[in-house]
J.: 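Below is one structure. I have some questions about it.
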Amino acid sequence: MEHLNITTLEGSSQIVEAALVNDFRGGLRGSSMTQGDPGYDESRVIWNASAVKHPAIMVKCSGAADVIDAVNFAREHGILLAVRGGGHNVAGNSICDGGLVIDLSEMNSVRVDEKAKRAYVGGGALIGDVDRETQVFGLATPLGVVSLTGVAGLTLCGGMGYLRRKHGMACDALLAVDIVTADGKLIRASKTENEELFWGLRGGGGNFGVITSFEFQLYPVGQTVSLCAPFYPINDKTGDLVRSWRDFMSNMPEDVTSNCIFWSIPIHPNFPEELQGTPVVIPSTIHIGNPDEASELLQPLRELGDPILDLSGPLPFVDLQSAFDPLFGKGERQNYWKSLYLDLLDDDAIERVVARANVRPDAWTMVILWHLGGAMNRVDPEETALGVRNANYLLSLDTSWTNPADNEKAITWTREFWNEMQPFSGGGAYLNFPGQGEEGEALLRASYGSENYDKLVKLKSKYDPSNLFRLNQNILPGK
Ligand SMILES: Cc1cc2nc3c(=O)[nH]c(=O)nc-3n(C[C@H](O)[C@H](O)[C@H](O)COP(=O)(O)OP(=O)(O)OC[C@H]3O[C@@H](n4cnc5c(N)ncnc54)[C@H](O)[C@@H]3O)c2cc1C
């Protein structure tokens, strides 16, 4: 090929000579693509249609050796670098214009040690890859609720799913990683090796290097679990319904996890045609214990009004994990997702949530009250970088819309809602739903807490002083 036109880390344009590029590409075990190569346009599509970018080169790594070479090549030539696990980052950080993308999608192997209850997971595996291999043994690790999401991005910023109250967050189940750092070295980090780095990786995002392999603790789960999902039409009783859900959940055992979802019944063949588009509130609740006990325990949630649809019942854990998949396809819609932890879900907070949820900018936009607590809150805030561990709720504004002409309306609605709810929050955001992270350091400091944030800055200065890994919720190295 000819020379490569690249964007530098500082944002200027530069040329990397053909001989150097060919040498790099020729050494890879995996494949690489530049503009015009077959597959280039398909490969640069990530989940959020708002992030349309044209990298100079994408490297589909086959193993740690390719990752090491790619990190070294980017660093030596000062090339803007993006790292892609599952490609589901809502902020769109796993793709860039003019830079190099380290794409780990082919490093998706999962090996389970049933006896030791451990899973060894490739840096590009999806949640569904892990569930498939672990559920065969009736085991699972806490990940997220859409099986097409990448394990890497999710875990590095925390990772909340249906097992959070019983088994904690994904980062809490993490036992060790293999990571390629900015100097191109492959090292292991765990509670006994490179401990400080391991602390920072449990919440600190993609700031410190490229994870080639994760080791997770597994727990007995399922294989059958129970879903309680009545769909209630939104009306003048919705505030009362949400209050009842709040009170009900405050007494539930940790086998039970719930998200109160404001949405519209999707315009999708999986739903009855006559109901499609109807605004609803769904106190969607999962019980991972005995299904017979679950149906009795959760019955009151099915009697909070007159549901127009009810998807409640026992189902395989893998089916639960993939239930949302058909509705969240790659590149289908524009997205801007922002969140805040709520210390307080009093009647005033509920009224505000219901009022805003009534004027969502698009039928696809979801407002979710995640009920927290249990194992995820028992972790000391200083034990991992993640920070917030004492909130009882997370409010996530999953703003999704079809028409790019609505960009401003949708983002403005989200930001106004987020601002309005600040008095009910200790500040910060859950950094897997950070909007575009526009608030910069202020958002990170509030999300991690000042003490954890200062520690993260020190770690960044040690492991990535030139900020090679900057396309993320970026922690700037200290001066
Ligand atoms: C449909 C959908 C459902 C979601 N559901 C949940 C949920 O239930 N719970 C939850 O907690 N979050 C959820 N999220 C948010 C999700 O956790 C984040 O978007 C996360 O970034 C996705 O990870 P990924 O690997 O797919 O992302 P990518 O876009 O591939 O990567 C995101 C960032 O992670 C870093 N990164 C990725 N791979 C690596 C690696 N191997 N080594 C080092 N850094 C890496 C990079 O900084 C990259 O920019 C959901 C998102 C979507 C789109």
Side-chain angles (χ1 to χ4, degrees), residues 1 4 6-7 9 16 21-22 24-75 77 79-110 121-130 147-157 177-182 184 186 205-214 329-331 468-472:
M1 73 168 289
L4 198 62
I6 59 102
T7 300
L9 286 165
V16 183
V21 179
N22 289 335
F24 165 60
R25 296 181 77 179
L28 296 168
R29 185 159 69 96
S31 58
S32 62
M33 281 172 233
T34 59
Q35 293 214 31
D37 285 344
Y40 172 89
D41 279 324
E42 295 78 47
S43 292
R44 68 186 176 78
V45 176
I46 63 166
W47 179 79
N48 187 353
S50 305
V52 178
K53 303 267 169 75
H54 295 80
I57 181 163
M58 287 180 283
V59 181
K60 285 200 189 245
C61 298
S62 276
D66 285 352
V67 175
I68 290 170
D69 279 3
V71 165
N72 286 338
F73 187 72
R75 190 194 60 249
H77 301 288
I79 306 172
L80 184 66
L81 177 64
V83 179
R84 175 170 172 178
H88 259 52
N89 185 248
V90 192
N93 284 323
S94 51
I95 194 86
C96 58
D97 277 327
L100 185 155
V101 176
I102 293 183
D103 179 341
L104 297 151
S105 55
E106 289 179 2
M107 291 172 60
N108 62 352
S109 70
V110 180
V121 177
L126 306 183
I127 291 174
D129 298 326
V130 179
S147 86
L148 303 171
T149 311
V151 170
L154 175 125
T155 302
L156 293 170
C157 281
V177 298
D178 291 342
I179 177 170
V180 177
T181 46
L186 176 67
N207 274 287
F208 302 107
V210 185
I211 313 291
T212 56
S213 178
F214 294 88
K330 185 161 91 171
L468 181 63
F469 301 106
R470 63 181 61 193
L471 294 180
N472 43 48

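FYI, the numbering just counts along the sequence from 1.
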J.: So, do I57 and F24 sit near enough that their side-chain heavy atoms are less than 4.5 Å apart?
T.: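 Heavy-atom side-chain distance check passes, below 4.5 Å.
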J.: Closest approach of I127 and V151, non-hydrogen atoms and distance?
T.: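 For I127 versus V151, the nearest heavy atoms are N-CG2, 3.9 Å.
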J.: Would you please name every residue forming a ring-ring contact (aromatic ring centres under 6.0 Å, His included) with F214, sequence neighbours left out?
T.: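 Per chain and number, F214 pairs via ring-ring contact (aromatic ring centres under 6.0 Å, His included) with F216.
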J.: Using side-chain contact (heavy atoms from CB on, under 4.5 Å), reason through V71 and F469 one step at a time and then give a plain yes or no.
T.: CA-CA 10 Å; V71 165; F469 301 106; 4.3 Å; yes
J.: Sort and list the pairs that fulfil salt bridge (Lys or Arg N to Asp or Glu O under 4.0 Å) and have at least one residue in residues 29-52, not counting sequence neighbours.
T.: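 Sorted result for residues 29-52: R25-D37, D41-R44.
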J.: Hey, what do you get for CG (L186) to OG1 (T212), rounding to the nearest 0.5 Å?
T.: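 Rounded to the nearest 0.5 Å, the CG-OG1 separation comes out at 5.0 Å.
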J.: With T181, which residues qualify under side-chain hydrogen bond (donor to acceptor under 3.5 Å, both in side chains), at least two apart?
T.: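 For T181, the residues satisfying side-chain hydrogen bond (donor to acceptor under 3.5 Å, both in side chains) (neighbours in sequence not counted) are D183.
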J.: Determine yes or no for a side-chain-to-main-chain donor-acceptor pair under 3.5 angstrom, with D69 supplying the side chain and D66 the backbone.
T.: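 Answer holds: no.
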J.: Who passes side-chain contact (heavy atoms from CB on, under 4.5 Å) against I6, sequence neighbours left out?
T.: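 Result, side-chain contact (heavy atoms from CB on, under 4.5 Å) vs I6: L4, T8, Q14, V16, A56, I79.
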J.: Looking at A51 and G92, what are the two nearest heavy atoms and their distance?
T.: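 Looking at all heavy atoms of both residues, the closest pair is CB-CA, 4.0 Å.
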J.: Search all heavy atoms of A82 against all heavy atoms of I95 and return the closest pair with its distance.
T.: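 A82 and I95 have their closest heavy atoms at CB-N, 3.9 Å.
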J.: List in chain and number order the residues that pass side-chain contact (heavy atoms from CB on, under 4.5 Å) with S147, two or more places apart in sequence or in another chain; answer none if no residue qualifies.
T.: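 Applying side-chain contact (heavy atoms from CB on, under 4.5 Å) to S147 gives S322, D325.
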J.: D97: which residues meet the side-chain hydrogen bond (donor to acceptor under 3.5 Å, both in side chains) condition with it, sequence neighbours left out?
T.: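 side-chain hydrogen bond (donor to acceptor under 3.5 Å, both in side chains) list for D97, sorted by chain: empty.
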J.: What residues, two or more places apart in sequence or in another chain, satisfy side-chain contact (heavy atoms from CB on, under 4.5 Å) together with S94?
T.: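 Here the qualifying residues are I46, R84, N89.
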J.: Could you tell me which residues satisfy side-chain hydrogen bond (donor to acceptor under 3.5 Å, both in side chains) with T7, sequence neighbours excluded, listed by chain and number?
T.: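 None.
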J.: Give the minimum heavy-atom separation between V67 and I102, together with the two atoms involved.
T.: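 Looks like O-CD1, 4.4 Å.
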J.: Search all heavy atoms of G30 against all heavy atoms of S62 and return the closest pair with its distance.
T.: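 Of all heavy-atom pairs spanning G30 and S62, the closest is CA-OG, 3.3 Å.
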J.: When rounded to the nearest 0.5 angstrom, what distance separates CG in D103 from OG in S32?
T.: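 If we round to the nearest 0.5 Å, D103:CG and S32:OG are 11.5 Å apart.
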J.: Minimum heavy-atom separation for A152 and G123, please, with both atom names.
T.: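 For A152 versus G123, the nearest heavy atoms are CB-O, 3.4 Å.
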J.: Just grab all the ring-ring contact (aromatic ring centres under 6.0 Å, His included) pairs involving residues 47-66, residues at least two apart or on different chains.
T.: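 Checked against ring-ring contact (aromatic ring centres under 6.0 Å, His included) - neighbours excluded - the pairs reaching residues 47-66 are W47-H88, W47-W337.
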J.: State the CG-OG1 distance between L126 and T149, to the nearest 0.5 angstrom.
T.: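 Answer for the CG-OG1 pair, L126 versus T149, is 8.0 Å.
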J.: For N472, give me all partners under side-chain hydrogen bond (donor to acceptor under 3.5 Å, both in side chains), at least two apart in sequence or on another chain.
T.: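 Here the qualifying residues are N474.
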J.: How would you list, by chain and number, every residue that makes a side-chain contact (heavy atoms from CB on, under 4.5 Å) with S43, sequence neighbours excluded?
T.: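 Result, side-chain contact (heavy atoms from CB on, under 4.5 Å) vs S43: M33, M58, K60.
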J.: Contact between L468 and L9 at the side-chain level, heavy atoms closer than 4.5 Å - yes or no?
T.: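 The answer is yes, as the side chains (C-beta and beyond) meet within the 4.5 Å cut-off.
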